[in-house]
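Have a look at the structure below before the remarks.
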Amino acid sequence: MPTPRTLYDKIWDEHVVRTDEHGTSLLYIDRQLVHEVTSPQAFEGLRLAGRRPRRPETHLAVPDHNVPTTDRHLGITDPISRIQVEALEANCREFGIQLFDMADKRQGIVHVIGPEEGFTLPGITMVCGDSHTSTHGAFGALAFGVGTSEVEHVLATQCLLQKKSKSMLVSVDGALGRGVTAKDIVLAIIGEIGTAGGTGHVIEYGGEAIRALSMEGRMTVCNMSIEAGARAGLIGIDETTIDYVRGRPMAPQGELFEQAAQHWRSLNSDPGAEYDRVVHIDAASIRPQVTWGTSPEMVLPVDGSVPDPADIADPVKAGSYRHALAYMGLTPGTPLAEIALDKVFIGSCTNGRIEDLRAAAEVAKGGKVADSIKLAMVVPGSGLVKEQAEAEGLDRIFTEAGFEWREPGCSMCLAMNADRLEPGERCASTSNRNFEGRQGQGGRTHLVSPAMAAAAAIHGRFVDVREV
Amino acid sequence: MPMKPFENFRGTVLPLDRANVDTDAIIPKQFLKSIARTGFGPNLFDEWRYLDRGEPGQDCSGRPVNPDFVLNDPKYADATILLARHNFGCGSSREHAPWALADYGFRVLIAPSFADIFHQNAVKNGLLPIVLDEAIVDRLFELATDSDEPLTIDVDLHNLKLDADGHGTIEIDIDPFHHHCLIHGLDDIGLTLTHADEIAAYESRRRGEAPWLFG
Ligand code: SF4
């Protein structure tokens, strides 16, 4: 009997080119996504060394971080952003890499367009100069974020130097309650294991609650693996995965697809495979989550209250709680449901897919954004998500309720374009990071699911979606 | 890009007493619009360091500084070793974070743990991240803050140890491959390309096993 292997072992084994005496492997990379922010210095490095991409057809580029979400026809008015987007276009031309430019309706956030186009495939290795590359692990692909030097390394060699990580299984057992979503699962996991809990590990998510998720939901969970410290998240391949990929423009077609699918079905952890760490979470116990601090692990169920640092024994942790509360302008003991908001952001690579917009629209339908909310915006993850949402009439539901309906991009997830919080403004956001200044200097971010964000927009404060 | 070989080295410590310092804090997003690798030093920790909102391309010399932030404490003005708490460098994969730390003048980073991508990016840029036990880090924080003089540390990368101002020798553990790269300043793309034959052999075998990846 061969030793039972995890999904991670299987993908790893299929991609090792060689391993040196220190245990460092040269790992073959099948696909790379490229965006404007982390690639210019990589292309410059190639140019300086006189190198060319080894397999240009395995890379796909798109501008997303810097692009405006209004008045696209005006182009990018910020000259520095424009230079960066133009540099991407010029580099893709020079090195023969396919690009979806700003005018292309397939343009969108890298982690939304990869799966949408069938560029992301099960069982592959994939990287991008972006930490949320973990998203693609939802397909049973080993996908992780890299720095710019490694972007260049993959362009030049199609390989990366890697040490194998440890493995962790997070099993979400049983069924979720009504109104509880993939976002709540992953926030609850991070609350449980902490933002460094997955450091040095690849997390595989399993259990009935994960199996029951759609591909969109699985992507939301894997997306935030990096917020748990893990470079990659993985979910085993099943018919949900295969059905999602079938027929996508860049996926294999016909006979070749069936051949691939047969191989993909073998890419699941074997019964009895061992993990370095196993965590069980009871799905039924997960309630809608809201972060209260400046790290995603600072999270509680919506019916909770802001914690008191005085109750924390560990002095470093108590210090960071105090720091976070001062930054967030919150007082210990305040019920989360009493926190009033200034802005609401629905979008990002965590929650900017069609299913997320449907969930938000369902809550927004027939309601009105509260007068106290200065801006509630919905930013689709890609041009195709936008088109689909408009075909379903979701844009009208949002605009009638008083939300702004924008063009696709990263937008206020990181506020590199004009969309941002002003100092002191408080935002309910479906994105993935509540770090200080993430959505604008002095801005205060609370991470929630799309349905919770929509409900917060209508009520002007957090409410439990299970009660609306 | 080939990097400079890391020599044995002596420097003073800047104690940044925070856990989970993320790369958004190390270098805020507006500075990521640059298409160069250098020039990020003046904007290192921009939002903690200055009282106004920084913009790319601006001259930072006249900006109002936050006197409470440790980087602005004259005692640590010449520091080249950054001491921090656990999970340093978490968050975004931006290599601009190690570029900014290196551009400012840091060469060594000490913490109980680093985020994985940051750790990798740091080594690629000739920065030496050193992981030490929480208790030792606590002790270094005390030494770095207790006296009026900054704490000096000698790093002996060849023999894998450091010496904290005569307070004892501390053994350090570095991944052997990283150690090799730091000491020799290797261009790791060049190194990988020496295995071009093996990569080609892998590709031709793989083309048979998984033809859908070679459309
Ligand atoms: S949406 Fe946010 S997290 Fe996702 S790629 Fe864009 S900036 Fe990064």
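Numbers restart at 1 for each chain; the letters A, B, ... are given by sequence-line order, proteins then strands.
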- Query: Which heavy atom in A:G147 sits nearest to a heavy atom in B:I117, and how many Å separate them?
  - Reply: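 Minimum heavy-atom separation between A:G147 and B:I117: N-CG2, 4.3 Å.
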- Message: Can you give me the closest heavy-atom contact between B:S92 and A:S131, atom names plus distance?
- Response: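 The answer is CA-OG, 3.6 Å.
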- Partners meeting side-chain contact (heavy atoms from CB on, under 4.5 Å) with B:A122 (sequence neighbours left out):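 Partners of B:A122 under the side-chain contact (heavy atoms from CB on, under 4.5 Å) test: B:L109, B:F118, B:L127, B:P129.
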- Query: Of all residues at least two apart in sequence or in a different chain, which pass the side-chain contact (heavy atoms from CB on, under 4.5 Å) check with B:S147?
  - Reply: B:E149
- Message: Tell me whether B:E171 at atom CD has more than 12 heavy atoms from other residues, nucleotides or ligands lying less than 6.0 Å away.
- Response: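 Not buried by this count: 12 neighbours or fewer within 6.0 Å.
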- Query: When only pairs under 4.5 Å are counted, which of A:D130, A:T38, A:T294 shares the most heavy-atom pairs with chain B?
  - Reply: A:D130
- With chain B, which of A:A230, A:A49, A:G200, A:A156 has the greatest number of heavy-atom pairs at distances under 4.5 Å? A:G200
Using non-hydrogen atoms only, which part of [X] is less than 4.5 Å away from chain A: side chain, backbone, both, or neither?
X	result
B:S113	neither
B:H96	side chain
B:R53	both
B:A97	neither

- Message: Going by salt bridge (charged side-chain N to carboxylate O under 4.0 Å, His left out), name the residues that satisfy it together with B:R139, two or more places apart in sequence or in a different chain.
- Response: B:E142
Just so I know, are the side chains of [X] and [Y] near enough to count as touching, which here means a heavy-atom distance under 4.5 Å?
X	Y	value
B:Q30	A:M416	no
A:T148	B:R94	no
A:L256	B:P211	yes
B:E203	A:R55	yes

Looking at [Y] and [X], is any side-chain nitrogen of the basic one under 4.0 Å from a carboxylate oxygen of the acidic one?
X	Y	answer
A:D419	B:K29	no
B:R37	A:E152	yes
B:D22	A:R438	no
A:E14	B:R205	no

Distance from [X] atom [atom1] to [Y] atom [atom2], nearest 0.5 Å?
X	Y	atom1	atom2	value
B:T192	A:L160	OG1	CG	8.5 Å
B:I35	A:S39	CD1	OG	10.0 Å
A:F435	B:T23	CZ	OG1	7.0 Å
B:Y202	A:H15	OH	NE2	4.5 Å
A:H153	B:D188	NE2	CG	4.5 Å
B:L32	A:S81	CG	OG	11.0 Å

- Query: If you tally heavy-atom pairs under 4.5 Å against chain A, which of B:S34, B:A201, B:P98, B:C90 wins?
  - Reply: B:S34
- Message: Between B:A36, B:A115, B:A210, who has the most heavy-atom pairs with chain A when the cutoff is under 4.5 Å?
- Response: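 Top option by heavy-atom pairs under 4.5 Å: B:A36.
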- Quick one: do the A:S149 and B:E95 side chains pair a donor with an acceptor below 3.5 Å?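 Indeed, the side chains of A:S149 and B:E95 share at least one donor-acceptor pair under 3.5 Å.
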- Query: In terms of side-chain heavy atoms, does A:Q41 have a donor or acceptor partner in B:W99 at a distance below 3.5 Å?
  - Reply: no
- Show your working on side chain to side chain contact (heavy atoms under 4.5 Å, CB included) between A:I83 and B:K33 and close with a plain yes or no. CA-CA 8 Å; A:I83 289 170; B:K33 295 180 184 184; over 6 Å; no
- Trace of the side chain to side chain contact (heavy atoms under 4.5 Å, CB included) decision for A:V17 with B:H195: CA-CA 9 Å; A:V17 174; B:H195 303 297; 5.9 Å; no
- Check the pair A:L26 / B:E198 against side chain to side chain contact (heavy atoms under 4.5 Å, CB included), numbers first and verdict last. CA-CA 10 Å; A:L26 202 56; B:E198 283 167 274; over 6 Å; no
- Anything in residues 55-69 of chain B with a heavy-atom distance to chain A below 4.5 Å? Please list those residues in order.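 B:P56 fall under the 4.5 Å cut-off.
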- Message: Can you tell me which residue among A:R231, A:K163, A:E150 is in a side-chain hydrogen bond (donor to acceptor under 3.5 Å, both in side chains) with B:Q120?
- Response: A:E150
- Item | Parallel, tilted or perpendicular, as decided by the 30° and 60° cut-offs, for the rings of B:F214 and A:Y28 | parallel
